[in-house]
Amino acid sequence: MYVRHIRAYDDRTPSKVNSSIGAQTVLDVQYGRGFQMGGGITYVTVGINNITDVDPPAIDRGSSNCHLGYDNQVHDVRGRTIYVRLKHTF
C-alpha cells in the first residue's frame, strides 16, 4: 500500500501568477507473488493506482470556453488504473 501526496503550490504561468493549485493525495495498492517456474522464478504483481479514483485539482488557465484543466506535468490525470506485471528471472 502506498500513499502519494502532492502538496498545494502556486501556478506561475504568465496569466495566473500566484494562483494556488490544491493538494492531492492518492492511495495505490499492489500484491505480488513469486513462483518457481521453468528453471527460474516468475513474479506476478497485480495493482491499482489511485484506488479511490481521486481527480487532480482543477485549474483555470483562462480558456475562452471557461473549461477547467489540470496540470499534467505534476498530476496524473488518468484516474484509477489497474495493472498486471509479470517478471521472470533465470
Side-chain angles (χ1 to χ4, degrees):
M1 189 175 271
Y2 302 96
V3 175
R4 293 183 287 140
H5 178 76
I6 299 172
R7 68 180 182 87
Y9 59 95
D10 291 335
D11 184 1
R12 297 194 181 270
T13 57
S15 62
K16 295 288 183 183
V17 174
N18 295 326
S19 179
S20 182
I21 297 175
Q24 181 188 29
T25 302
V26 297
L27 177 64
D28 303 335
V29 295
Q30 73 175 20
Y31 177 78
R33 183 86 192 232
F35 303 93
Q36 292 282 345
M37 185 180 286
I41 301 176
T42 299
Y43 297 94
V44 178
T45 304
V46 176
I48 304 173
N49 290 335
N50 193 2
I51 193 167
T52 56
D53 201 22
V54 174
D55 287 332
I59 59 174
D60 180 6
R61 292 250 167 101
S63 67
S64 60
N65 56 8
C66 298
H67 285 137
L68 298 177
Y70 303 101
D71 186 351
N72 63 356
Q73 292 180 338
V74 177
H75 297 281
D76 188 351
V77 298
R78 294 177 292 177
R80 182 181 302 125
T81 307
I82 300 169
Y83 64 90
V84 176
R85 181 181 320 144
L86 298 172
K87 176 182 173 184
H88 184 78
T89 58
F90 297 94

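Position 1 is the first residue of the sequence; numbering continues from there. In what follows, every heavy atom counts, from backbone to side chain, and hydrogens, waters and symmetry copies are set aside.
- Within the structure, side chain to side chain donor-acceptor pair (under 3.5 Å) contacts touching residues 35-56 (residues at least two apart or in different chains) are Thr42-His88.
- Counting all heavy atoms, side chain and backbone alike, Val74 lies closest to Ile6 at O-CD1, 3.5 Å.
- For the residue pair Gly22 and Pro57, the shortest heavy atom distance occurs at O-CG, 3.1 Å.
- Side-chain heavy atoms closer than 4.5 Å link hydrophobic residues (I, L, V, M, F, W, Y) into clusters, and following such links, even through other members, never connects Tyr31 to Leu27.
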TODO: Given side chain to side chain contact (heavy atoms under 4.5 Å, CB included), test Tyr9 with Ile21 step by step and report yes or no.
DONE: CA-CA 5 Å; Tyr9 59 95; Ile21 297 175; 3.5 Å; yes
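- In terms of heavy-atom proximity, Val3 sits nearest to Thr25 at CG1-CG2, 3.7 Å.
- Hydrophobic clustering (side-chain heavy atoms under 4.5 Å, transitive across Ile, Leu, Val, Met, Phe, Trp, Tyr) keeps Val44 apart from Met1.
- Here the closest non-hydrogen pair linking Ile48 and Tyr83 is N-CE2, 4.0 Å.
- Annotation: side chain to side chain contact (heavy atoms under 4.5 Å, CB included) contacts of Arg7 (sequence neighbours excluded): His5.
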